[in-house]
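Chain letters run A, B, ... following the sequence lines, proteins first and then strands; every chain starts at 1. Predicted model only: the values in this text are computed from it and were never measured.
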Amino acid sequence: MTGAPLDLRVKIGAATLKNPVIAASGCYNRGEEYAQIVDVGRYGAITLKSVTRSPRLGNDMPRVFPTPGGLLNAIGLQGPGIDHFLAHIAPELSKVPTAVIASVAGFSVAEFAEVAALMDGLPNVIAIELDVSCPNVDREGQCFAADAASLAAVVGAVKSRVKLPVIPKLMPNVADLRPIAQAAQDAGADAVSLINAVRGMVVDVANARPMLANVSGGLTGPAIRPIAVHAVWEVAGTVSIPIIGMGGIETGNDALEFLFAGASAIAIGTANFRDPLVHVRALQGIEEELRRRSVASVRELTGMARTTQAKAGSH
Amino acid sequence: MTGAPLDLRVKIGAATLKNPVIAASGCYNRGEEYAQIVDVGRYGAITLKSVTRSPRLGNDMPRVFPTPGGLLNAIGLQGPGIDHFLAHIAPELSKVPTAVIASVAGFSVAEFAEVAALMDGLPNVIAIELDVSCPNVDREGQCFAADAASLAAVVGAVKSRVKLPVIPKLMPNVADLRPIAQAAQDAGADAVSLINAVRGMVVDVANARPMLANVSGGLTGPAIRPIAVHAVWEVAGTVSIPIIGMGGIETGNDALEFLFAGASAIAIGTANFRDPLVHVRALQGIEEELRRRSVASVRELTGMARTTQAKAGSH
Amino acid sequence: MDSSPRLETATLVSREFRAPGFWFLKLRCEHVARHARPAQFVALDLPGGFAVRLPLGIYTAQDDTFGLLFKEWGERTTRLAALPEGSQISCIGPLGNAFAMPRAGERVVIVAGGLGVAAFWMLVKELKEASIDTTIVLGARSAPHLVGREELAAFGFPFEICTDDGSEGHRGTVIDRLRSLPRADVLYGCGPGNMLQALCGLADKHGITCQVSLEETFGCSLGTCWGCVVSVRRGSGQATGYPRAPGESRDLDFARVCKDGTVFSSAELVWAS
Amino acid sequence: MDSSPRLETATLVSREFRAPGFWFLKLRCEHVARHARPAQFVALDLPGGFAVRLPLGIYTAQDDTFGLLFKEWGERTTRLAALPEGSQISCIGPLGNAFAMPRAGERVVIVAGGLGVAAFWMLVKELKEASIDTTIVLGARSAPHLVGREELAAFGFPFEICTDDGSEGHRGTVIDRLRSLPRADVLYGCGPGNMLQALCGLADKHGITCQVSLEETFGCSLGTCWGCVVSVRRGSGQATGYPRAPGESRDLDFARVCKDGTVFSSAELVWAS
Ligand SMILES: Cc1cc2nc3c(=O)[nH]c(=O)nc-3n(C[C@H](O)[C@H](O)[C@H](O)COP(=O)(O)OP(=O)(O)OC[C@H]3O[C@@H](n4cnc5c(N)ncnc54)[C@H](O)[C@@H]3O)c2cc1C
Ligand SMILES: Cc1cc2nc3c(=O)[nH]c(=O)nc-3n(C[C@H](O)[C@H](O)[C@H](O)COP(=O)(O)OP(=O)(O)OC[C@H]3O[C@@H](n4cnc5c(N)ncnc54)[C@H](O)[C@@H]3O)c2cc1C
Ligand SMILES: Cc1cc2nc3c(=O)[nH]c(=O)nc-3n(C[C@H](O)[C@H](O)[C@H](O)COP(=O)(O)O)c2cc1C
Ligand SMILES: Cc1cc2nc3c(=O)[nH]c(=O)nc-3n(C[C@H](O)[C@H](O)[C@H](O)COP(=O)(O)O)c2cc1C
Ligand code: FES
Ligand code: FES
């Protein structure tokens, strides 16, 4: 069976990825550190850290803390700002040994549109992800991703300025993801990424204060995987655009959970920190599943668990 | 230091608990199974499994599945219904070797009010918790706990029928818990419990179907602790009624995280399954902290991390 | 000393490799070893950030030591297989009900599929002591998966071996084999769900008493979470006894596998069709 | 063989108890052992459901084996301390930059607080080989916490021991002691933040070159997550070099402890006041 040619390509809007395994934003830079120890080119794409209009130092320390099966972080979008990015980082992108997904974060609709427009057409960049988990300063600080109207405004504004596929990244801290994902699709999104980190907090008991200087942070890693799989399942039942699923993927089996729930591609963030070979393992797991099921294309795995009936009754 | 008398009592509305460590609903029955192996009377209170108006068989199997650092469950409120409960279980409550908190679940405002009224005044019962994470059949199946108005209606209706303290139990699957908790307080709630399980899902890859017969379930255990601590922190900054904090507590340090974040008492569910002595360990951890800080009453620990400034800057 | 479950610390005495992925461990824990009854189980707390205990059947039990026979299914069993000898393991047991013994003179057939064999060492020992005429039918996918025979063989009862691929004994399932054996008075079964369903079907058809030990995914392992239910006939002894739910037309009630079982009689069980 | 970090499998060769909660482990991993430079570290993946690796300083390094000196701080270090000899541990290393050597003839004082001592064995070895005049000031809360002297003593440099409670050596902090020692040309420090801040303050005041190895809570340990930053002067070599953020009036930039450090010069660091 091992010799059969497998088709691992997936489409995100007009872009085609060589395989469905993506490095998640904020966890991989451009792959240059991991390139020292593994073949980062095995990733189907690498998502860059979200870029904002202005430079940001980010939050005070501590910014990360381990939790049971997870990691809490509040980096605070540290970054160079778009001008420095264009001058110093963009020219390096052609050296990345796989496709690049740019990521934009902003605090107003205008900021998103402006920064995304500047990202359009950079070397190697095949899509633009929107980190819409930031507070919307135009609307009393409510998170873009928590409100269908704000999200639609961002997606619409970005779509009118860029040619590349646009992928808003939704967060799980809402009562119902479905109308939000629907709004993204209606506003022209080419795909959605889900999920971003889940809001969380650790208290430093010894010192009786929040463990992170920012008080709260985002929870990632295997602890949140069931939350993320559920988000993909729900949204896949609502929208027809592709879904990039992420949240706690550590193995091929984990990646398959997301594909079977309805994702077309998957992204891996935190697990790189523990296992830099995680992308290779995920790919191998997917390939084995294709062989086991005698399926030629990874695209056929998407939504596989939706078509089978849930196990009925007990004995 | 060990000899100093420590005051572990906490107040939930008019009720006083001998200590702040409570067994969470759905995880402990009346304590009769755990009584075989540990002293269940060390709990400050035991919360009963939520009771509905009608008997329910609950969901099909499988109903539980382990996840990284957590447990996914979809029991589906299996239970005898209020009539059988009053006839056969209520008379046993006087044998429970500590205080009892009754729990009510319902699918309409009327159901909550009716069942809660029948629970009022049962032997040993010192408060009534409302499991408002069920879908509201009167309002298109939206979850009571996801909507301030529905929640206020339930709390108001129950308050008008019962004398005991009423404790709605909120769930984290909302964009912002604060207005919901505020609505509960405004409607007369004597305390709030948080959090209920977080929505999640596992896909059975081998069989390409959801692992739980119910498709999705509630995620509990240490994996969700940072989510729960954050919920307590946010709500404690909003309401003035006491908070019962829960979600992944396994140790004294974990319990202290919740108290320091603003909880007056804490509840333990899933951790009993792994460590039946968890309540004793949590109590000991709290007692040690009181001694370490030379504080006489556990009530002084509530919100301790809120008064200290978050650690400023980095070096 | 009473026989109800206790929270104990067991010591891992020895670990024996049985087949790739299959292990036989011996743990020292006097309470469990002395009080274990046939088909009872223990719930182990393993290091590694697991939220719930691992339930495993008590295979052998002698003096102050009991044995576990298991496969590396997933994370917890793999962790257990990797613990060094001498490890201390938190253990709750013995848990669950037990097989009832046959009456004197009844002929017994034991049917075990795969690791279902782990439920039977204690039963076989008691049947031997009671001089009951017993046949043991063991099935597995193929010969290397036929674990646990070493310990059972010591009692000297006849074995019928079946493998799906015919790599040892009869080719086919234990149920196929059972059909061609002389009629038993009492059947005992443990193994995969579809095998037990077939066994119960056969028993009911021929009016033979049949007890099976079931397995489900457990949460608490103790009876408090209602995560491990099985459908049983309304009014049967192990059922909840709750009133019929509105709109529930099926003639069934639930019982907890961990607390009301793991042993149920075929007459009580309701299988999905 | 190149000296950049690699993903390796190390074998736990031996475990030595040093004091309650303090351990000295030896791991076999040729790449790390051969290429480790003073103050570099490894990132270990431990079994137990942890989402991130544990960073630990490389203490000793000889032939194909390196040593770790650590305390049971929390879950991962406790798990590491419990691993049986022979365990295989996934290890990334060597990571981080390294202490720069002094010029010939300069006098060195090394200041280590608590487990900060773990940063210095390789440095001391190189100082010895370069025949640099070196004094080692070791501090700890009390005598039982003075770990790591065994290995360092072998090089024959003079020790100054300080304990907070006076249970051994001078009563007081390493900084107190430093003030009464002859002036050094180069200071090296590793230990708690407040000790390093005092050390850098003293160095700056007296215009002495000072390098410190810092510790922070790490996420990735590799430089990708920006979870481990430290404030440094704008324009200093290890800083991001990003433009000044709007509204940022402080004259500072950030650097990553894991990748741009762990070693920073006191001249570059900006301490919170
Ligand atoms: C009363 C009782 C007694 C038992 N006695 C024994 C015994 O004596 N010997 C024995 O070997 N077993 C026994 N079992 C079975 C054993 O407890 C279970 O197999 C248990 O789940 C193993 O735990 P684990 O953590 O190793 O695997 P788990 O992680 O719980 O996985 C269980 C199975 O599910 C699969 N799985 C996990 N996640 C996924 C996913 N996302 N998609 C697809 N598949 C998945 C795993 O590969 C594995 O096959 C018993 C069970 C019970 C209830
Ligand atoms: C580059 C580098 C090199 C290092 N080298 C060494 C070395 O050589 N030797 C050494 O001993 N250490 C060293 N450390 C330190 C070590 O990596 C950390 O102490 C690490 O956090 C220990 O991991 P852990 O999982 O055991 O503890 P963690 O679980 O990470 O806990 C760390 C500390 O936080 C406390 N804590 C956890 N949760 C809470 C809470 N909710 N409230 C209050 N307190 C809490 C724990 O009790 C503990 O003291 C180094 C660190 C770095 C960055
Ligand atoms: C340290 C860290 C930084 C992150 N930064 C970003 C970011 O800048 N933009 C973004 O969209 N997501 C960011 N994320 C979220 C991840 O891209 C991903 O959505 C999330 O971590 C869940 O996946 P995981 O569990 O595999 O890490 C960050 C995550 C981590 C752990
Ligand atoms: C098996 C199981 C059943 C539960 N049943 C109920 C219930 O009937 N009513 C309710 O309010 N909460 C129920 N819960 C939620 C718990 O009371 C608690 O809020 C949650 O598990 C978080 O705490 P933990 O992480 O300590 O378990 C249940 C939880 C579990 C694990
Ligand atoms: S596993 Fe909890 S009731 Fe059986
Ligand atoms: S720990 Fe990730 S950048 Fe340093």
Side-chain angles (χ1 to χ4, degrees), chain A residues 60-62 67-70 72 142-143 146-147 172-176 198-205 207-210 212-217 219 221-230 232-234 248 250 253 256-258 260-261 289 293 304-305 307-315, chain B residues 60-62 67-70 72 142-143 146-147 172-176 198-205 207-210 212-217 219 221-230 232-234 248 250 253 256-258 260-261 289 293 304-305 307-315:
Chain A
D60 284 339
M61 290 290 293
T67 74
L72 190 71
Q142 191 182 31
C143 214
D147 176 51
N173 285 97
V174 296
D176 191 349
V198 185
R199 272 200 303 266
M201 175 177 178
V202 171
V203 172
D204 175 349
V205 169
N207 299 300
R209 66 184 173 209
L212 299 186
N214 189 52
V215 178
S216 71
L219 184 64
I224 66 165
R225 193 165 62 234
I227 300 173
V229 171
H230 180 249
V232 168
W233 177 272
E234 279 213 320
E250 290 202 310
N253 193 79
L256 290 162
E257 279 199 62
F258 282 82
F260 283 17
E289 188 73 8
R293 294 186 180 271
M304 196 103 174
T307 49
T308 327
Q309 239 345 85
K311 188 173 164 185
S314 67
H315 31 220
Chain B
D60 283 339
M61 288 294 289
T67 75
L72 191 71
Q142 190 181 33
C143 212
D147 176 52
N173 285 94
V174 295
D176 191 349
V198 185
R199 272 199 304 264
M201 174 175 177
V202 170
V203 171
D204 176 349
V205 170
N207 299 301
R209 66 183 172 209
L212 299 186
N214 189 52
V215 179
S216 70
L219 183 64
I224 67 164
R225 193 165 63 234
I227 299 173
V229 171
H230 180 249
V232 168
W233 178 272
E234 279 213 319
E250 290 203 311
N253 192 80
L256 289 162
E257 278 200 61
F258 282 82
F260 283 18
E289 188 73 7
R293 295 189 179 269
M304 198 102 174
T307 49
T308 325
Q309 236 349 82
K311 188 172 164 187
S314 67
H315 31 221

Can you say whether A:Glu289 sits under 4.5 Å from chain B via the side chain, the backbone, both, or neither, judging by heavy atoms?
-> side chain
Under 4.5 Å to a heavy atom of chain B? For A:Ile227 that would be both
State, to 0.1 Å, how close [X] and [Y] come at their nearest heavy-atom pair, and which atoms those are.
| X | Y | answer |
| --- | --- | --- |
| A:Ala146 | B:Ala175 | CB-CB, 4.3 Å |
| A:Pro210 | B:Ala305 | CD-O, 3.8 Å |
| B:His230 | A:Ser216 | CD2-CB, 3.4 Å |
| A:Ala261 | B:Val203 | CB-CG2, 4.2 Å |

Would you mind reporting whether [Y] and [X] have side-chain heavy atoms less than 4.5 Å apart?
| X | Y | result |
| --- | --- | --- |
| A:Val174 | B:Asn173 | no |
| B:Val202 | A:Val229 | no |
| A:Met201 | B:Pro226 | no |

Step by step, work out the side-chain contact (heavy atoms from CB on, under 4.5 Å) result for B:Arg225 and A:Thr67.
-> CA-CA 8 Å; B:Arg225 193 165 63 234; A:Thr67 74; over 6 Å; no
Side chain, backbone, both or neither: which part of B:Leu219 has an atom under 4.5 Å from a heavy atom of chain A?
-> side chain
Of B:Ile224, B:Val205, B:Asn253, B:Asp204, the largest count of non-hydrogen pairs under 4.5 angstrom with chain A goes to B:Val205
